[in-house]
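Let me begin by presenting the structure, written as structure tokens, before commenting on it.
Here the structure is a predicted model, which is why all the values come from computation and not from measurement.
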Amino acid sequence: MSLRLHDTAARAVREFVPLEPGRAGVYVCGLTVQSQPHVGHVRSAVNFDVLRRWLLASGYQVDFIRNITDIDDKILLKSADQDRPWYNLAYEMSRELTRAYDALNVLPPTYEPAATGHVPEMLQLIEELVRDGHAYAAEDGSGDVYFDVLSWPAYGELSGQRVDDMEAAEDADPRGKRDPRDFALWKGRKDSEPATASWPSPWGPGRPGWHIECSAMAGKYLGPAFDIHGGGVDLRFPHHENEQAQSRAAGRPFASYWLHNAWITTAGEKMSKSLGNSLVVGEVLQRVRAIELRFYMVSAHYRSHVEFSFEALEEAAAGFRRVEGFLERALPVDSVVEEGAPRPSRNPGELPPAFVEAMDDDLGTPAAVGVLFDVVREGNRLLAAGEDVSALAGQVRAMLDVLGLDPADPAWGAAAGSDERLTSAVDVLVRGLLEQRAAARAAKDFAAADAIRDTLRTAGIAITDTPDGPTWELEQ
RNA sequence: GGUGGGUUGGCCGAGAGGCGAGGCAACGGACUGCAAAUCCGUCCACACGGGUUCGAAUCCCGUACCCACCUCCA
């Protein structure tokens, strides 16, 4: 069976049939870089990173575009509050976001276009829409340009709503809208806004509306028709509905499949700066390792709501350490690190069929993780029986690689802050102590032996006795 | 008002008519000087009330509660 994905537009799981065999074009809505990324933001990135890795493992060549929204109302408001240029805030937050992605081993996209770099493409699209009667310049002289929702009968099809049932927006002042449901393609510059936040256009200086950027950038980098468009559930409406409407109204078929990830909530509420309950990635990573946070996210299905708690996170981390422990025992460190040595297999052909089936079924990572644990248990059993487990270890690594969770991936090294020289220095010291302990044990002086072990534990170093002698590792 | 999703064991979290996911925690056993790790075993849950069926966590009807979206949002 091949890959099946849940398509929001169809409200059903559909077989994935790419427009072009062997290639997959994916566009994912990134973030508005207005504040520090929280775990909910990163969940979305991790979910779509798993999609990408699975497409790659399935043999597709993947064009993966994830945008950055670096100009919008909030960025302007916040930067004004902080009394600094909007682009300074946007750029700083953009770099923080990249750090968070890197920490969680989210592969860099093929390209990460920023809205401000694509104003000409947006203007062109807007002009086409105006020309074809799907958009109009506001008659109040504001310089705004709106999409005419009523001119597009299919409006509402993505989110399954009928225009007549929609509540009209109450917040934004209607300005020059013909219908309250019309949305802005272009926002004329207001006197209160910095001159740097405006670009020339046929309707006067202004800046892009929120939705137009994705249509323009997806079109530029993936073409008028592409395979998969992803983002958080909240984007389904209005953002994605509007993207689709404005693209199709301009004659572009746009996305074939729409994927939406669910929320991570905390204390029953979605994370939001305004609620003061957002869990900033950097803070969470002071409590657990990044690989553990990623495992926690991957353990839940991307369409399931996750109620975040540190308790659940730490339980997941404990489970993940079982997997790591197996690999450490199955693959002696030397064989992994040794230069030029072939890495233990990460060949997709080695993936257990049950794992493949789980992933093909709308990225069923929970079931896939179940398979992972099955193989680990079997591997541990064989290990206890003194049998060869290299094949199982290879399977485990191949599965972890697909999930972006291979502990041996160098991507984790930098984030973990490990330092080889430091490790080797500690190793010398610990070995000295372990020799003393071995001598004490040989003399049956267990009090002395345990004292050494306790001292090491106090220093955060755990000792494990094995048939081949004791080993140590930093406690996590 | 409209649209969509949810309620599973002590906890997390899958599944979508029969073959009891999995993890964490707990308990018993093996191994160990003692631990740790690991292995073996125990722990048979699906909001509530009806119904369909030989058989329902899964389908249908109803009820309760929770959440998201309806033009700021991952």
Under 4.0 Å, heavy atoms only, any strand: does A:Ser159 hit a base, just the sugar-phosphate, or nothing? sugar-phosphate
Ring-ring centroid check A:His240 A:His260, cutoff 6.0 Å: yes
Looking across every strand, which nucleic acid part, if any, lies under 4.0 Å from A:Asn242 by heavy atom: base, sugar-phosphate, or nothing? base
Please determine whether any donor N or O and acceptor N or O are separated by less than 3.5 Å between the side chain of A:Arg162 and the base of B:G2. no
d(CE, A:Met399; P, B:G22) in whole Å: 15 Å
Would you mind classifying the nucleic acid contact of A:Arg43 as base, sugar-phosphate or nothing, using non-hydrogen atoms under 4.0 angstrom? nothing
Has A:Phe373 got its ring stacked on B:G22, by the test of a centre gap below 5.5 Å and a plane angle below 30°? no
Can you tell which of A:Asp72, A:Asp70, A:Asp73 makes a salt bridge (charged side-chain N to carboxylate O under 4.0 Å, His left out) with A:Arg207? A:Asp73
Mind calculating the distance between CG (A:Leu76) and C1' (B:C72) to the nearest angstrom? 13 Å
Check step by step if salt bridge (Lys or Arg N to Asp or Glu O under 4.0 Å) holds for A:Arg377 and A:Asp374. CA-CA 5 Å; A:Arg377 195 182 325 102; A:Asp374 288 343; 3.4 Å; yes
A:Arg236: salt bridge (Lys or Arg N to Asp or Glu O under 4.0 Å) partners, not counting sequence neighbours: none
Among B:G33, B:C69, B:A37, which nucleotide has an atom closest to any side-chain atom of A:Phe237? B:C69
Interatomic distance where CG belongs to A:Leu383 and C1' belongs to B:A37 [whole Å]: 11 Å
Scan A:Gly156 against the nucleic acid and name what it touches under 4.0 Å (heavy atoms): base, sugar-phosphate only, or nothing. nothing
Between B:G6 and B:C61, how far apart are the P atoms? Round to whole Å, please. 15 Å
Side-chain donor/acceptor contact of A:Asp465 with base of B:A35 under 3.5 Å: yes
Indicate whether OP1 or OP2 belonging to B:C39 is found under 4.0 Å from a side-chain N or O atom of A:Asn380. yes
Please work out if A:Ala462 contacts a base, only the sugar-phosphate, or nothing of the nucleic acid, heavy-atom cut-off 4.0 Å. nothing
Using a cut-off of less than 4.0 Å, is there contact between a side-chain N or O of A:Ser299 and OP1 or OP2 of B:G23? no
A side-chain contact here means heavy atoms from C-beta on lying under 4.5 Å apart; do A:Val369 and A:Met399 qualify? no
Base, sugar-phosphate, or nothing for A:Phe310, non-hydrogen atoms under 4.0 angstrom? nothing
Name the nucleic acid region contacted by A:Gly325, choosing base, sugar-phosphate or nothing; use a 4.0 angstrom heavy-atom cut-off, strictly under. nothing
Nearest-nucleotide 5' precedence on RNA chain B, A:Phe320 against A:Glu311: A:Glu311
Span that lies between the P atom of B:A57 and that of B:C19, in whole angstrom: 10 Å
Between B:G9 and B:G1 - C1' atom distance, rounded Å: 39 Å
Which whole number of Å gives the distance between the C1' atom of B:U8 and that of B:G2? 30 Å
For the residue pair A:Tyr146 and A:Tyr136, does the interplanar ring angle fall in the parallel (under 30°), tilted (30 to 60°) or perpendicular (over 60°) class? tilted
Grab the CZ-P distance between A:Arg236 and B:A68 for me, whole Å please. 13 Å
Let me have RNA chain B in dot-bracket notation, would you? Count Watson-Crick plus G-U wobble pairs, both distances under 3.5 Å, and use [ ] for pairs crossing earlier ones and | for inter-strand partners. (((((((..(((.....[...))).(((((.......)))))....(((((..]....))))))))))))....
Taking only the side-chain heavy atoms of A:Arg437 (C-beta and beyond), determine which of B:G33, B:A74, B:G22 contains the nearest atom. B:G33
Determine the interplanar angle of the A:Tyr155 and A:Phe237 rings, folded into 0 to 90°, and report it as parallel if under 30°, tilted if 30 to 60°, perpendicular if over 60°. perpendicular
What distance, rounded to whole Å, do you find between the two C1' atoms, one in B:G13 and one in B:G50? 30 Å
Assert: residue with more 5' nearest nucleotide on RNA chain B, out of A:Glu315 and A:His301, is A:His301
Quick note, A:His38 side chain, CB onward, closest among B:A74, B:C39, B:C12 is B:A74
Could you give the OH-to-P distance, from A:Tyr155 to B:U71, as a whole number of Å? 9 Å
Suppose you measure atom P in B:G62 against the same atom in B:U3; what distance do you get, rounded to whole Å? 15 Å
Rounded distance (Å) that lies between atom P of B:U38 and atom CZ of A:Arg321: 11 Å
Quick one: label A:Ser304 by what it contacts on the DNA or RNA (base, sugar-phosphate, nothing), any heavy atom closer than 4.0 Å. sugar-phosphate
The side chain of A:Leu235 is closest to which nucleotide in this list: B:A74, B:G33, B:A21? B:A74
Scan A:Asp450 against the nucleic acid and name what it touches under 4.0 Å (heavy atoms): base, sugar-phosphate only, or nothing. base
Applying side chain to side chain contact (heavy atoms under 4.5 Å, CB included) between A:Val39 and each of A:Val280, A:Val46, A:Leu279, report the one that passes. A:Leu279
Does OP1 or OP2 of B:G22 have a side-chain N or O of A:Arg322 closer than 4.0 Å? no
Angle between ring planes, A:Phe254 versus A:Phe226, binned at 30° and 60°: parallel, tilted or perpendicular? perpendicular
With sequence neighbours excluded, give me every salt bridge (charged side-chain N to carboxylate O under 4.0 Å, His left out) pair touching residues 444-456 of chain A. A:Asp450-A:Arg453
Report the nucleotide, chosen from B:A74, B:G33, B:A14, that has the shortest atom-to-atom distance to any side-chain atom of A:Trp263. B:A74
Measure CZ/A:Arg303 against C1'/B:G15 and give the value in whole Å, please. 13 Å
Using atom P in both nucleotides, what's the gap between B:C39 and B:A45 to the nearest angstrom? 26 Å
Please determine, for the side chain of A:Asp234, which listed nucleotide (B:C69, B:G4, B:A36) has the closest atom? B:C69
Any sub-3.5 Å donor-acceptor pair from A:Arg294's side-chain atoms to A:Leu104's backbone N or O? yes
Quick one: label A:Ile463 by what it contacts on the DNA or RNA (base, sugar-phosphate, nothing), any heavy atom closer than 4.0 Å. base
Rounding to the closest angstrom, what is the interatomic distance between B:C70 and B:G18 at atom C1'? 42 Å
Provide, to the nearest angstrom, the distance between the CD atom belonging to A:Glu387 and the P atom belonging to B:U38. 19 Å
